[in-house]
Every structure is written in C-alpha cells, then in structure tokens.
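Written below as structure tokens is the structure these notes are about.
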4 protein chains.
Amino acid sequence: MDIATRHHGNRHGRSEAARVAVLEAADDLLVERGFAGVTIEGIAARAGVAKQTIYRWWTSKIAILFDAMLADAAEHFSPPDHGDLGSDLRDHLRQVATFLTATDAGAVCRALAGQAQHDPAVAAQFQSEFAAPQRERDREPFLRARRRGQLSQTEDIDLAIDQLVGPIYYRVLITGEGVPPEFTDALVDRYLAPIRDTLS
Amino acid sequence: MDIATRHHGNRHGRSEAARVAVLEAADDLLVERGFAGVTIEGIAARAGVAKQTIYRWWTSKIAILFDAMLADAAEHFSPPDHGDLGSDLRDHLRQVATFLTATDAGAVCRALAGQAQHDPAVAAQFQSEFAAPQRERDREPFLRARRRGQLSQTEDIDLAIDQLVGPIYYRVLITGEGVPPEFTDALVDRYLAPIRDTLS
Amino acid sequence: MDIATRHHGNRHGRSEAARVAVLEAADDLLVERGFAGVTIEGIAARAGVAKQTIYRWWTSKIAILFDAMLADAAEHFSPPDHGDLGSDLRDHLRQVATFLTATDAGAVCRALAGQAQHDPAVAAQFQSEFAAPQRERDREPFLRARRRGQLSQTEDIDLAIDQLVGPIYYRVLITGEGVPPEFTDALVDRYLAPIRDTLS
Amino acid sequence: MDIATRHHGNRHGRSEAARVAVLEAADDLLVERGFAGVTIEGIAARAGVAKQTIYRWWTSKIAILFDAMLADAAEHFSPPDHGDLGSDLRDHLRQVATFLTATDAGAVCRALAGQAQHDPAVAAQFQSEFAAPQRERDREPFLRARRRGQLSQTEDIDLAIDQLVGPIYYRVLITGEGVPPEFTDALVDRYLAPIRDTLS
DNA sequence: TTTTAAACGAGACGGTACGTCCTGTCTTGCT
DNA sequence: AGCAAGACAGGACGTACCGTCTCGTTTAAAA
C-alpha cells in the first residue's frame, strides 16, 4: 500500500483516499443529478468523508470540480502530428468537441463555465486553470506548422483559434446543437481556404 | 394613472406595479450582487412584494430573469441595412458584442447562459426564448444579401453565423477577453475573403 | 377545530400545534435520553417541526425546557389549608418533594437547576421564573398561620423556608438520597419544636 | 527539578507537567468562560498539550474538573475544635459557605453539581468523590461533641447535617442569594435551641 | 553505548449539532 | 381575486468540538 493512502489522520497531511473519494463523488453527483445536486453534504455523504475534511482542503464545491476536471482535461488532449496543418487542426478540433460533449470532465467543464458567468472569482480561476492551458494546446498545431515553414510568420494565431474553437463552444454552450466532425472539418476548410496559397 | 397600475389587491388581475417592481428588483440584484445574490426573498423584499405574489406569476428566479431580459434583447438589435453584406455584418456583430458585454440585459443573458449549463430546462428555455429569435436576427443580413443577389443560394448561412458569432460568445463566456470592434471586423473580413468573388 | 390550532403558517402568529409538539418533544427527550440528548435538531425531528420554527420562538433549548416546566410547576402545587401550620407545612413539603423527585416537570426543573450552575443567564431566569414564584408558594402556609394568629409577627419566614425546603433540594441535587415523607415530617417537627409555645 | 516534571515523552509514565497544565487550563477556562467554554480542544490548546494526551489520562472534561477540584476541597476544610458544638458548627458552616461561594474549587464544585443533574454517572461520581467525603467532614463536629459527652447518643446526626448544610447549598444552587455568616450562625442557633438542655 | 518502547506534540480523520439562510407552500385580512 | 405579510416544513450552508487515529520526536531504562 502506498504511503499516501495508508494514513487517515496524521501529521503528514491529507488522506489521499479521502481526496480521491471526494473528487469521484463530486463527479458522480454532477453527472447524475446536475450542478444543483452537487452539495458539500452530498459529496461528504457519498464519499464517506466528513464535511470538515472537505472544508479543510477545498474552499467550495467549485474548487472540488476544478480538481476533478483538470487532470482529465490535460490527459484528454493528445497533440496531433500529421505533418500537415489541416490534418492537425481537424484532429484537434474533433478532440475539443469530443471533450466538451462526450466526457465526464467535459460535463464538469461546462458546469464550471456556467458558474463562471455567475461569479468573477470562478471566471478568473476558469481562465487561468482551464482556458489558458487549453489555449496553449490549441496553439500547438499552428506553431508546429510554422516551424515546418507551412504557416506565415504573420498569421494571427490567436484570431485563428477564436475562429476555430469559438464556434464549437458556441454550439455547446448556447445552441446546444451538438458538434459533429463534419462541423469541425467545415470550420477548418473555411479557415484554410484563403491561406491555402501560402501553404507549400 | 393606468388601470393596470391602479390596483394592488383587487379582483381585476395582476398588479402591473408588482410585476415591474419584481423585474427591476431582480435586475438590480443581479447587477449589484451577482447571480447568487438574486433570491426570491431578496427580490420580494426589495420590490416590496410578497413572496407568494412572485410564485403566483413566475416559476423561479430564472423565469423572472428571462422576463427581465427578453424585451430588452429584442429592443437592442436594430436590423442594419447598408445595402452591403460586409457593412451589415460588421454592424450586426458590433451590436451583438455590445449587447453581451455592455448592457444590463446582456449581463442577465450571460447569467442565464451560465445557468443553462446547470439545468437542461433552463437550457431549453434559453434556446427557445433567446437563442432561436436571436438566430433569426443573425440571419437577417444574409437573407437581405441573398435577396439582393449578393450572396449565393448555396451559401450555408447557419454555418456562417456559427463562424461569426461563435467567436464572440467564446470570448465573452470563456476567455473573458472583451470583444472590440476590431475583432468583429476581422471576423467579417476573414469570412468574406473567400466568397468575395461571388459578390457582385 | 380551535382557531389557534387551525393555522400552520399565517399572519396571526404562531402555530399552537407546533408549540405544543416542541414542548412535548423536549420533555420526552429529556426523560428518555437525558439533558445531553435534548438537541434542537432532535426536538425538531421528533416534533415534526423545522429548526427555524424553533429558533423563531425560543432562544435555546433551555428556553424550551422552561416553557415545558413552568405551567406544570404551578399546577402541581395546591395550597394546603388544614387550619394548622404543622399540617400545612407537612403537606406542602411533601408536595415539594414529590414535584422534584417524581414528576416530569420536576425532572426538567432539576436539569434547569443544573444548567443554572453553568450559565448565569440561566440562573437569572431560573430565579425569576421558578424560584421566586415557588418562594411565594412556600410562604403561603406561614402567611396563613400568621393571619390566624398562630404565628408570631416577628418570625423570620424566609429563614424558616430556607431551613425547611433547603434540605429537600440538598438531598435531591447533592446527595441523591430521595426525600421520603418521614424526612419532610421530621423537618417540620424540628422546626416547630422551639416555637410550639407560641402557637395557641 | 523533580523527576516527575523532567520527562515529556518517555516510557516511564505520565508527564507531571502535562497533568498540571491540563488541570490549570481547565480551571482557568471554567472561571473565564464558564462550563460551556471548557472544551477538550480548548484545554489542549491552552495547556500546550495534545488532545490525545488528555484522552490518555482522563475520560472526559468532567473527570478533569473532578481532579481539579478534589485536592482543593480536602485542603479547604480544617476541622474546627473549640471544645464546643455550637462554636464548631458555626466555624464549619462558615467554611462550607466560603468554599462554595468564594473559591475556585467551589466554582468547579458547583459546575460539577450542575452536571450531576444531567448525567447519572456524574451524579454517582460526585456523590462518591465529593459528597461522601464531605459528609464525613460534616460529621466531625458532632462526633467530637458526642465523644465529649455533649451530644446525646440518640441524636440523628445525618438529619442534623441535612438541616444545617442543606439550606447553604439551597441558597447557593437555587436562590443564588449568597450565604453570609449571619445566615449560617442563625442556622446553628435554631438547631441548637431545642437540644440546649441536653448539652453540658 | 546502543536499542527500544512509552508518552508526547501535532493534527487529519469520520462524525454530530449548531445557528443561519433560502426554498416553495400555506393561510390569513385588507383592498 | 390579487395582494402584503409572514409562519410553516425542509434542506444546505459553514463552524465548532467530539473522540479516534497515525505520525515523528523525546526520553531513560534495559540490553
């Protein structure tokens, strides 16, 4: 048994078992009962943990959900590398769509994005802990293309990202229409059309 | 004095004064204290209205906020008509950005969009009462251009809208970066580039 | 159905049904589980009442217990009148002993006397709401005897009461020995011995 | 430095320093914040001791308070010997009154007497560890008088004690009036009046 | 001198109850 | 009939202590 999981109350700090149980309970409750069904008391009861233990390590249920999401979010994205910007973008946008619409972490992400609209502090945390790292992942295909000499040095990458992932989030958060591969592929096609000449 | 405002406890139907007071109280509370600060009890107290009166006419605080937003949203948008798709789109996207980032109704809209992430019923209402009518407004410039013969009959208007307004919502809801006219203008420029040939 | 019991939430004030249920629940819990077993949550659960309803009308579980005791305490004592100080005192002291050792209200009284040792505010309330009225009841036999001319005007009645009821409380609260009639009768005999001459 | 105070963690028995610190902390907290302010956590924090150390040596905060009181109670009482029952009783009753009303140990004693009303186990401990030894001390003057031939062999000493100290506890615990020497002296006078003939 | 085991401080743990806030329902008397 | 008022049952909040536990350190008797 791992040292971190062996202890349930000790001077070495927190119980890993409790931490994991809380994150899983929060995740389960969100999926099963929705955001309003995620309560500290409910998490504590389901995780078999005392409320005080939760309050000792997290400031709010939002903080728990961030913890529950972040690792998964990072794991979900595998940087594509097909040696071609178009292929890489198509691949990446599909990953983004899949993450948001078809994973538990994506469900948590949507809930947090929702809560960010209600609370500036959540918005700031969402920005720094999810949006910014995600933006780095979004940039990867472009930077790679640029390194290959396939993309102009003057191309505004951030604008391109807004154009490409913006519509995905829009459909997920606003219209609720679903984001099929045809949609993301079409986005890439439209984006690449005017700059196709600059590609080798 | 208007008939509707004359009665406060009567047999002549609901009190317009109470209705207005509730909507304003909800709006004020949202702006002053954020979404969590909007409670039925708080609205009732600020509006000088009994809780029961609120429950009689609205199903939840969400319903109140929808009421508070919808009229303003419709009023905000004035269909542009410069006889040119580019100009109309630039104008319209600026209106969208202004609505979302700089109006009270936009603040309510963001809050409701947030809540839609937590509650499918809210999402459905948001879709039908805000997103769908708004989509109609978004289509206007394209339909006008098509009627003018400036836009191909085969152009996928809904995809175009996703491409154009999606990035605006994305910046508002996810990155929180703000949406200056330069940004929306650039979106239009990029959109029009490949189809410029099809324009007269 | 009585007006007072008909309403459960209205502008006429509190629900008599809730009031009674709370007092009975508190009483039952004290008898069944002891003072530590009397909790606001426990009372609320057993009475089928919301905690907030309790906090609306009582400041603490102590206040509830006072309410539960006071009416019973007044009812318990029937002023004796045998036309004779000795008989009256014997009767009264037996009533005191019975109240303290053999009634539910007496159990509550002992608990409150206990809590008065822990909290000056409780002590003050105990003094004004129980001890003072009880002292009036204790004085009755002496005042009656004095009116009959059977007791000297100079007799120190309060000292006499301290002498007569003090030992009863002492056995109840400190030694826990029980207070049989033989004991209270002996107290009266010893008290009357030196002043027997003054009696007609 | 004493052996017992030299050790703080060892295999040779408990730390005297910790024991004393705990008792003093409990005493201080009782006096400063009242019975409810005496918590194991509070004692541990103030004594600079781990909670576990407290639980190792005491079963509850009640046990700590008993420890804190008992030595002082025994020390407080110096058996009077004036060769006269009246003088001895007057002296002793004043000591009882002083102990209960004017010493820290008396404050603890009152608190424990209070808690005894809530918990039969405390009552039993109070009876065996305080009331019974105290009763022995109360008997001393009578036994001495009897040995001197000044008190009848048939006199009911326990009844006499109930009559004499009962009113003192009554005033301390119930009426809160204070117990001046005039009061205890009057008790003795009234007690001795009818049996004065049997003396000397 | 080294080992070793009891007591120590610290503090995390699963819990219970606290007193507060808000929910949605209700019942009244007034207009 | 609609209204302001406000009491009601219910449930989650975040806090304070409870009593239990595990840890790493201190210590002095035993080896």
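Chain A is the first sequence line, chain B the second, and so forth, proteins listed ahead of strands; every chain is numbered from 1. None of these values were measured; they are calculated from a predicted model.
- Counting any heavy atom pair closer than 4.0 Å across all strands shown, A/Gly48 reaches sugar-phosphate atoms only and no base atom.
- Across the interface with DNA chain E, nearest-nucleotide mapping of A/Val49 and B/Thr59 shows A/Val49 to be the residue nearer the 5′ end.
- Across the interface with DNA chain F, nearest-nucleotide mapping of A/Ser60 and D/Lys61 shows A/Ser60 to be the residue nearer the 5′ end.
- Rounded to whole Å, atom P of E/dG14 lies 14 Å from atom CD1 of A/Ile43.
- Between C/Phe126 and C/Gln115, every side-chain heavy-atom pair lies at or beyond the 4.5 Å cut-off.
- Here the side chain of D/Ala50 is nearest to one of E/dC13, E/dA10, E/dC8, namely E/dA10.
- In this structure a side-chain-to-backbone donor-acceptor pair under 3.5 Å is missing from C/Gln117 to D/Leu112.
- Remark: P of F/dA5 and OH of B/Tyr55 are 17 Å apart, rounded to the nearest angstrom.
- Atom-to-atom, CD1 of B/Ile62 to P of E/dC22 comes out at 16 Å; the value is rounded to the nearest Å.
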_Could you go through C/Ile40 and C/Trp58, starting from their C-alpha distance and side-chain angles, then the distance that decides it, and tell me whether this counts as side chain to side chain contact (heavy atoms under 4.5 Å, CB included)?_
CA-CA 10 Å; C/Ile40 298 284; C/Trp58 291 277; over 6 Å; no
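- Rounded to a whole Å, the CH2 atom of B/Trp58 is 16 Å from the C1' atom of E/dG24.
- Side chain of C/Lys61 to backbone of C/Phe35: a donor-acceptor contact under 3.5 angstrom is found.
- Residue contacts for A/Trp57: at a heavy-atom cut-off of 4.0 Å it reaches the sugar-phosphate backbone alone, with no base atom in range.
- Atom CD1 of B/Ile64 and atom P of E/dG24 are 10 Å apart (whole Å).
- For C/Lys51, the listed nucleotide lying nearest its side chain is E/dC18; candidates were E/dT25, E/dC18, E/dA12.
- We find that CZ of D/Arg56 is positioned 13 Å from P of E/dA10, with the value rounded to whole Å.
- Taking 4.0 angstrom as the limit, C/Thr39 places none of its side-chain polar atoms (N or O) nearer than this to OP1 or OP2 of E/dT16.
- Between C/Ile54 atom CD1 and F/dA9 atom P the separation is 9 Å, expressed in whole Å.
- Of the listed nucleotides (F/dG10, F/dT20, E/dG19), E/dG19 has the atom at the smallest distance from the side chain of C/Glu41.
- Taking only side-chain nitrogens and oxygens, A/Ser15 never comes nearer than 4.0 Å to OP1 or OP2 of E/dA12.
- Computed from coordinates, the D/Ile40 CD1 to E/dA10 C1' distance equals 16 Å when rounded to whole Å.
- At distances below 3.5 Å, at least one donor-acceptor pair connects side-chain atoms of D/His118 with backbone N or O atoms of C/Ala111.
- Across E/dC8, F/dT20, F/dC8, the shortest atom-to-atom separation from the side chain of D/Gln52 is found for F/dT20.
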